[in-house]
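This report concerns only the one structure given below.
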Amino acid sequence: MRQCRGWSWVLPVLLVLGAVGQKLPTRDEGLFQMQIRDKSLFHDSSVIPDGAEISGYLFRDTPKRYYFVVEEDNTPLSVTVTPCDAPLEWKLVLQELPEEASGEASGEPEPLDQQKQQVTVNEGTELFTYKGNDVESYVATSTPSGLYQLEILSTEKDSNFKVYATTTPESDQPYPELPYDPRVDVTALGRTTVTLAWKPTPTGFLMGQPVQYCVVINKEHNFKSMCAAEAKISADDAFMLAPKPGRDFSPFDFAHFGFPSNGYGKDRGLTSNKISRAYTVKPKQSDIQKVCIGNKNIFTVADLKPDTQYYFDVFAVNSATNTSTAYVGTFARTKEEARQKTVELKDGKVTDVFIKRKGSKFLRFAPVSSHQRVTLFVHACLDTVQVQVRRDGKLLLSQNVEGVRQFQLRGKPKAKYLIRLRGSRKGASTLKVLATTKPSSKQPFPSLPEDTRIKAFDKLRTCSSVTVAWLGTQDRNKYCIYRKEVAENYGEEQRRREQNQCAGPETRRKSEKVICKYFHSPNLQKAVTTETITGLEPGKTYLLDVYVVAHSSHSVKYQSKLVKTRKYC
């Protein structure tokens, strides 16, 4: 009799469940759909609904028990448990339903605490046990009626899990079916890309169910379920840094946590209005990515790091129920970054260097004899270039160079110099580089003023001539000026594209040459020269260039200048 009384707290739950629509082995589909949409019916409940996946949470070393009722004999049964972020131990036990209720029942419901005290231990019949982190199922084509108890335990850590139970497994098929070959294949491999392919699930095109594929990429391991990947993603999302122990919060801190700020500062005696930077949110770039791609079964993962191993998982997801099935994942290591060829510099010889857009080039200079210093000349012909120099691995300089720059580096016996040139993001870069240990009064590149612009005098402009001026230096250099007629719509953008300071007078037509002359001044304040260019046509636009030529014939071009003659005089 006591055993019958022990069921008194379970039977009301079962009767309520039967009253809201669980009549096995068949069910009212319309009522069932209404029930699974109403999450409140199953919130924090010990009863597993028939045909709906539920989510649960376990505290470490604290088992949870769920119940499922089969009312008629010879009923098929399927129970699936999905571990999310930790291995689980679970077992399924059959406990027969009592034939009659307690004779001592008064008709009044007993208090819940009293009901729990009356429960007696009933071992029942153990049907299935499992321990691990795989998605595992108990499937039986015919089961007896009774109360089925599912006990789940996590011994490693607090963990999420999912449970699905049904008495109509043939018609339900909640999880997308895998093809006969469930592997994910790597079909192409690059330095930053990996192309994946897999066979489509039969669930989509045979059964007409809405199925999409989600791809998960990470650097640690493969995942056996979608919820395991999602649990990892959630763990990587840092909300904010924890405050230091013993420190009072300011009103801003309370608002940052999502609480109303009114009154908190006043109650705690805070008068400072300063916002502490120690509590600002620091978004974390997660190492795991999840991308859902629709019903395509080929996908290229981009923006990966070279020479890095990645793990790839594909999940077929039923869009209607949000249930998923994992393919057999794979892994691959991206190819190594192409090794840069190092260019050897010869002492005292100019080397031409070309760098692709956003690219880099490495130059090596190894003097054959002992030396006290190294002179390095860098001529950036187009946009600004970053220059880094290391001597035997030690960084000596790191600067952006525009135009011609000269660097003096302290020497060291048997030292080797590695020069890294990093190009511009705007476009390709062209440079001239020279390294030498030989002291010489004659520089390979001409000296330049800080301002390399050409100035045109508007008041001196006529229908057939223009007058221009440019700055010089204290060194006696040769200057050559060239002109070229251009279209009226020739703009500054086109001029910048054609501004290659390393292209010398040898690239120009003889007909474009105006004059060459020598010029210098001991006083930099007076180091300026003018030139009047004649023989021009009225109302025409001309591009003017000034080249300064060194003793070694290496030249540097000043910034080009657009001028226009007067149309009427």
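The figures that follow rest on heavy atoms only: side chains count, while hydrogens, waters and symmetry mates do not.
- In this structure, Lys416 and Ala366 approach most closely via the heavy-atom pair CG-CB, 4.1 Å.
- The distance from the NZ atom of Lys517 to the NZ atom of Lys478 is 13.5 Å, given to the nearest 0.5 Å.
- In this structure, Lys290 pairs ionically with Glu230, as a charged nitrogen and a carboxylate oxygen lie closer than 4.0 Å.
- Note that the NZ atom of Lys540 and the OH atom of Tyr542 stand 7.0 Å from one another [nearest 0.5 Å].
- Remark: Gln386 CD to Ile355 CD1 distance equals 10.5 Å, nearest 0.5 Å.
- Defined by atom type and a distance below 3.5 Å, a donor-acceptor pair is missing between the side-chain atoms of Gln388 and Arg422.
- Atom SG in Cys227 sits 7.5 Å away from atom CG in Asn160 (nearest 0.5 Å).
- Looking at Val548 and Leu448, their side chains come closer than 4.5 Å, going by heavy atoms from C-beta outward.
- The side-chain heavy atoms of Lys335 and Arg191, taken from C-beta on, include a pair separated by under 4.5 Å.
- Taking each heavy atom of Leu304 and Val301 in turn, the nearest pair found is CD2-CG1, 3.8 Å.
- At least one side-chain heavy atom of Thr541 sits under 4.5 Å from a side-chain heavy atom of Leu562.
- Considering only heavy atoms from C-beta on, Asn477 stays 4.5 Å or farther from Val549 through its side chain.
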Passes side chain to side chain contact (heavy atoms under 4.5 Å, CB included), Lys219 versus Lys305? Steps please. CA-CA 11 Å; Lys219 298 179 184 178; Lys305 293 182 179 180; 3.9 Å; yes

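- Residues Val216 and Phe315 share a closest heavy-atom pair of CG2-CE1, 3.7 Å.
- Considering only residues two or more places apart in sequence or on other chains, Asp545 meets the side-chain contact (heavy atoms from CB on, under 4.5 Å) condition with Arg508, Leu543, Tyr547, Lys557, Ser560.
- Salt-bridge annotation for Arg333 and Asp307: present, with a side-chain N of the basic residue lying under 4.0 Å from a carboxylate O of the acidic one.
- Counting heavy-atom neighbours within 6.0 Å of Asn322 CG, excluding the residue itself, gives a total of 12 or less.
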Output, in order, the C-alpha distance, side-chain angles, deciding distance and verdict of side chain to side chain contact (heavy atoms under 4.5 Å, CB included) for Trp470 and Tyr479. CA-CA 10 Å; Trp470 62 90; Tyr479 297 89; 3.5 Å; yes

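- Side-chain contact check for Leu178 versus Tyr327: some heavy-atom pair is nearer than 4.5 Å.
- With rounding to the nearest 0.5 Å, the separation of CG in Leu396 from CG in Leu409 is 6.0 Å.
- Of all the heavy atoms in Pro176 and Ala316, the pair that sits closest is CG-O, 3.4 Å.
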Determine, step by step, whether Thr375 and Lys438 satisfy the side-chain hydrogen bond (donor to acceptor under 3.5 Å, both in side chains) criterion, reporting the C-alpha distance in whole Å, the side-chain angles of both residues, the deciding distance to 0.1 Å, and the verdict. CA-CA 8 Å; Thr375 305; Lys438 303 170 184 177; over 6 Å; no

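- Under the 30°/60° scheme for interplanar angles, the aromatic rings of Tyr417 and Phe365 are found to be tilted.
- Partner of Phe331 under the ring pair (Phe, Tyr, Trp, His ring centres under 6.0 Å) criterion, out of Tyr311, Phe312, Phe223, Tyr310: Tyr311 alone.
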Might you work through the side-chain hydrogen bond (donor to acceptor under 3.5 Å, both in side chains) test for Thr308 and Thr334, ending with a clear yes or no? CA-CA 5 Å; Thr308 305; Thr334 51; 4.6 Å; no

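- With respect to Arg364 and Glu344, a salt bridge is recorded, a charged nitrogen being found less than 4.0 Å from a carboxylate O.
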Under the ring-ring contact (aromatic ring centres under 6.0 Å, His included) rule, what do Tyr213 and Trp198 come out as? Steps first, then yes or no, please. CA-CA 10 Å; Tyr213 298 100; Trp198 57 92; 5.6 Å; yes

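- Within the 3.5 Å criterion, the main-chain N or O of Ser225 finds no donor-acceptor partner in the side chain of Thr82.
- Cys463 has its side chain out of reach of Lys567: every pair of non-hydrogen atoms, C-beta onward, lies at least 4.5 Å apart.
- Between the side chains of Asn133 and Lys224, at least one donor N or O sits under 3.5 Å from an acceptor N or O.
- Contact annotation: the side chain of Pro522 never approaches that of Gln474 to less than 4.5 Å [non-hydrogen atoms, C-beta and beyond].
- In this structure, a donor-acceptor pair under 3.5 Å is absent between the side chains of Thr532 and Ser465.
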Run the side-chain hydrogen bond (donor to acceptor under 3.5 Å, both in side chains) check on Thr187 and Thr195 step by step: do they pass? CA-CA 6 Å; Thr187 59; Thr195 300; 4.8 Å; no

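- Using a 4.5 Å heavy-atom cutoff, the side chains of Val389 and Leu376 are in contact.
- We find the CG-OG1 distance between Leu345 and Thr351 to be 5.0 Å, quoted to the nearest 0.5 Å.
- In this structure, Asp392 does not pair ionically with Lys394, as no charged nitrogen and carboxylate oxygen lie closer than 4.0 Å.
- Side-chain N/O atoms of Asn218 and Asp287 include no donor and acceptor closer than 3.5 Å.
- The 12-atom threshold is exceeded at CG of Asn400, counting heavy atoms of other residues, nucleotides or ligands nearer than 6.0 Å.
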Show your reasoning for whether side chain to side chain contact (heavy atoms under 4.5 Å, CB included) applies to Thr193 and Asp303. CA-CA 7 Å; Thr193 60; Asp303 298 326; over 6 Å; no

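- Electrostatic pairing of Asp352 and Lys432 counts as a salt bridge here, judged by a charged N lying under 4.0 Å from a carboxylate O.
- Within 6.0 Å of CD on Gln408 lie more than 12 heavy atoms contributed by other residues, nucleotides or ligands.
- Of all the heavy atoms in Ser555 and Pro505, the pair that sits closest is OG-CD, 3.5 Å.
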Should Ile515 and Ile533 be marked as a side chain to side chain contact (heavy atoms under 4.5 Å, CB included) after you check the CA-CA gap, both sets of side-chain angles, and the distance that decides it? CA-CA 9 Å; Ile515 193 175; Ile533 303 167; over 6 Å; no

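- Annotation for Lys361 and Phe354: closest pair NZ-O, 2.6 Å, computed over non-hydrogen atoms.
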